[in-house]
Amino acid sequence: MSVETITLGCRLNFAESETIARTAPRGEDWVVVNSCAVTAEAVRQTRQAIRRARRERPDARILVTGCAAELDPGSFATMPGVERVVGNTHKLSSLAPGDVMPPLVPAGLMHKVKSFVAVQTGCDHAVTR
Ligand code: SF4
């Protein structure tokens with residue numbers, strides 16, 4: 001059982017993925033796809049990452065969060081293997097038990113990180129945050 005993160009986009013997303021993984025329930029198998037929507041290519045890579053996660057970790061539950069999930073949750077919710085789609089507002093507590101309010105400070109690289117696709121380091125995509 002493990003939590004694996006696949007992060008697309010900016011450094012902020014990377015830090016947030018660590019926080020999500022740190023607060024995940026122990027003993028559960030999840031792949032967290034923390035998406036980016038800064039370009040159509042970023043969204044395409046997000047979908048590709050979800051399909052790959054489904055292939056490589058068929059028994060894991062898939063959480064999709066981040067900017068692409070914020071903008072178009074329905075399109076991700078219908079992808080095979082996706083169990084949960086969470087927009088940016090509730091991103092940090094998307095795997096946490098209800099009584100946990102995770103801090104915004106990242107925990108460091110405590111969990112297995114599968115990949116980080118650096119699209120850019122910042123973003124003017126203000127609508128998504
Ligand atoms: S803030 Fe911008 S660069 Fe960062 S994940 Fe969201 S859309 Fe991508």
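Indexing begins at 1, ligand by ligand and atom by atom, following the structure's order.
Residue pairs meeting the salt bridge (charged side-chain N to carboxylate O under 4.0 Å, His left out) criterion with at least one member in residues 37-46, sequence neighbours excluded: E41-R44. The side chain to side chain donor-acceptor pair (under 3.5 Å) contacts involving residues 77-87 comprise R61-E83, where partners must be two or more places apart or lie in separate chains.
The atoms of ligand 1 that sit less than 4.0 Å from any heavy atom of N13 are 5 (S). Taking every heavy atom of C36 and a limit of under 4.0 angstrom, the matching atoms of ligand 1 come to 3 (S), 5 (S), 7 (S), 8 (Fe). Residue-ligand proximity, C67 to ligand 1, at heavy-atom distances under 4.0 Å covers atoms 1 (S), 5 (S), 6 (Fe), 7 (S).
Atoms CG and CG, from L71 and N88 in turn, are 8.5 Å apart once rounded to the nearest 0.5 Å.
In this structure, G66 does not count as a contact residue of ligand 1, since none of its heavy atoms falls inside 4.0 Å of the ligand.
For residue C10, no N/O/S atom approaches atom 6 (Fe) of ligand 1 to within less than 2.8 Å.
Residues S35 and R47 have side chains that never bring a donor and an acceptor to within less than 3.5 angstrom of each other.
When the heavy atoms of T39, N88, V38, L12 are ranked by distance to atom 7 (S) of ligand 1, first place goes to V38.
Residues L95 and W30 are in side-chain contact: their nearest non-hydrogen atoms beyond the backbone lie under 4.5 Å apart.
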